[in-house]
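Letters go in sequence order (proteins before strands), and every chain restarts at 1.
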Amino acid sequence: MIPGSRRARLGWVDAAVLSAVVVALGYVFHRVDAVLEYRWDWSAIPNSLYRWDEETGRWVPNLLMQGFFTTIRLAILSMVPAALFGAVFGVLRTAGRLFPRLLSRTYVELIRNIPPLVFIFIFYFFISSQIMPILGVEDFVRGASPATLRSLELVFGPAALIPNVISGVICLAMFQGAYMTEIVRAGIQSVPKTQTEAGLSIGLSRWELWRRVILPQALRRVIPPLAGQFITLVKDSSILSLISIQELTFLAMETAVSTTRVFEVWISVAGLYFCLCYLLSLAFDRLERNAAAARA
Amino acid sequence: MERLTPVEPLIELDGVSKWFGAFQVLRDVHLRVAEGERIVICGPSGSGKSTLIRCINRLEEHQEGRVVFAGRELGADTADLTEVRREIGMVFQEFNLFPHLTVLENCMLGPVRVLGMTPADARERAMEFLGRVRIPEQARKHPAQLSGGQQQRAAIARSLCMRPRVMLFDEPTSALDPVMIKEVLDVMNDLAQSGMTMIVVTHEMGFARTVADRVAYMDEGSIVECLPPDRFFANPADERTKRFLSQIL
């Protein structure tokens, strides 16, 4: 929509809707206040975010912020392989030969038709526990020099949790990649066949045709749905808590138990997720506008 | 590559047949096109004209007969089709420019990526041909910003930048309004003057009369007759050609 193309004026329908929402919210607050008889106590929250460390004499992140940072790491780290899975399998999905098509179709259908939670359990118990030792991540971390360890910690978080974070990343990327595969496939198939014909008739090789003609057009079309999928990825990272990946939701459960302030903790956590995802959607909006401006 | 003797045609279609499922689109088509020759193919829609020229650069695969370009037979085992396709320019009814590239980039893509030219050389060549189709000032624009006639001329320039040995035109003016048709036909006329080998599927009988060396009439997948334009228009042998001409002229 073009900014300023519509006047921001409140019509009577808007006013009616708005007052209905206010009344509904008021009622909920009233129920919570009068009927639930819950004693709100937010005093435990700041300390769950940051705590004073006597040893170093500094403020350090406590459980909630540690979890928040892990969630951000998980999100950023899994975006790359998820996008890679999406791109590779998305291209295979449109291949002329049967085998690649079958392969990526199997991947997509297998993951799309299993609830993420169930997939994560299966992945964790049967795959992650088998693969991680083979990769030798733990040994690598243990044997790493202090300098390497510092940069590893910058990327993956606390050293003790690196294998934990990596299996979270692989898992998240695997199942988000399946959804991205479908988005990429739709993007590729939206490029008309005549573009292929035009490319072939100037003698482009298959590779150059993909690289110069089809993918650039397909990717432009999939930026908005891919952005949406990235935000879904951030939110879905919360189910990794169930396989003990120590991200925000997992540590929130711990905090809720240890402080006994269940509602306060979860509302704070909701706020943290919202901030992160909202920032992301603002960033993607800007990216989209820039892409659109570059085309015009 | 074999050396060509002058008598050998640049393009030879020998008994070419093709089916889309059970429907036969091409029936035993024979056509020999010499270097420098200009052939116009006309006929009712669905007669297989487009399919025929699309078999020449193998955008469509024929099932029987032989398609030979410059001594190389095109088939499933043709080692490198891109080698052949780079020498065959193709202009489509709907232009099919690459919408994400500027006109200049459209023209440079082939020379840089296929012929391995440096961007500077490719740009120079692209500007030369954009000048020849009379739209050098549109070079920096994207296709969507151009009129249909300009887009089609850009598409012609894109093909010419590969310095092809033959140009195939698949109803190049059918998607255009009359003013733009003239722009495109003028460019095609110039091209014919320069000695380019051309095979043109079109309903523009004026173009056929003035430019073509031979005019072929196709009906139901076969070439009914193929004559020089004066004889084709004045004295066609086949009843179907006569009926077609009386409808179109």
Side-chain angles (χ1 to χ4, degrees), chain A residues 2 83 86-87 90-91 94-101 183-227 284 287-296, chain B residues 50 53-54 56-60 80-102 105-116 122 126 141-145 151-152 154-170 175:
Chain A
I2 304 153
V91 170
T94 62
R97 296 207 352 253
L98 183 63
F99 180 71
R101 257 192 354 253
I183 293 174
V184 171
R185 176 189 63 83
I188 290 171
Q189 288 178 343
S190 75
V191 178
K193 212 172 140 265
T194 51
Q195 289 288 306
T196 303
E197 292 179 353
L200 289 179
S201 58
I202 57 170
L204 290 181
S205 65
R206 282 275 160 192
W207 162 247
E208 291 286 355
L209 181 72
W210 274 96
R211 168 84 184 72
R212 311 285 162 190
V213 177
I214 297 175
L215 282 183
Q217 294 186 58
L219 287 182
R220 255 168 234 213
R221 286 169 216 219
V222 300
I223 288 179
L226 268 189
F284 285 131
L287 190 75
E288 239 175 89
R289 267 204 305 276
N290 287 351
R295 242 171 302 165
Chain B
S50 293
I53 64 167
R54 287 161 61 89
I56 295 173
N57 67 350
R58 212 170 162 73
L59 286 181
E60 299 284 357
D80 199 353
L81 266 179
T82 63
E83 295 274 331
V84 175
R85 283 177 175 147
R86 74 171 67 164
E87 295 179 20
I88 304 177
M90 177 109 183
V91 175
F92 301 88
Q93 182 177 344
E94 298 289 345
F95 332 132
N96 301 353
L97 290 165
F98 306 126
H100 58 300
L101 303 177
T102 64
E105 288 165 342
N106 265 278
C107 293
M108 288 167 59
L109 186 63
V112 172
R113 298 292 156 195
V114 179
L115 304 180
K141 291 191 186 163
H142 280 83
Q145 295 167 282
Q151 288 192 49
Q152 191 59 295
I156 293 173
R158 175 178 67 181
S159 288
L160 290 176
C161 282
M162 297 299 293
R163 293 203 194 281
R165 297 176 64 180
V166 57
M167 287 284 285
L168 309 176
F169 291 84
D170 187 4

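- Looking at R58(B), there are no atoms closer than 4.5 Å to chain A (heavy atoms on both sides), in backbone or side chain.
- When L59(B), V91(B), N57(B) are compared by the number of non-hydrogen pairs under 4.5 Å with chain A, L59(B) comes out ahead.
- Looking at L115(B), there are no atoms closer than 4.5 Å to chain A (heavy atoms on both sides), in backbone or side chain.
- Summarising the geometry of P216(A) relative to W210(A), their closest heavy-atom pair is CD-O, 3.7 Å, with the distance given to 0.1 Å.
- Residue I214(A) comes nearest to V191(A) through the heavy atom pair O-CG2, 3.9 Å, listed as atom of the first residue, atom of the second, then distance.
- One distance of note links CZ of R185(A) with OG of S190(A); it measures 10.5 Å at 0.5 Å rounding.
- Residue contact with chain B, scored on non-hydrogen atoms closer than 4.5 Å, involves the side chain of E208(A) exclusively.
- With a threshold of 4.5 angstrom between heavy atoms, F98(B) approaches chain A through its backbone and through its side chain.
- A distance-only check finds a donor-acceptor pair linking the side chain of Q152(B) to the backbone of F92(B) [under 3.5 Å].
- The backbone N or O of L97(B) sits less than 3.5 Å from a side-chain atom of Q195(A), completing a donor-acceptor pair.
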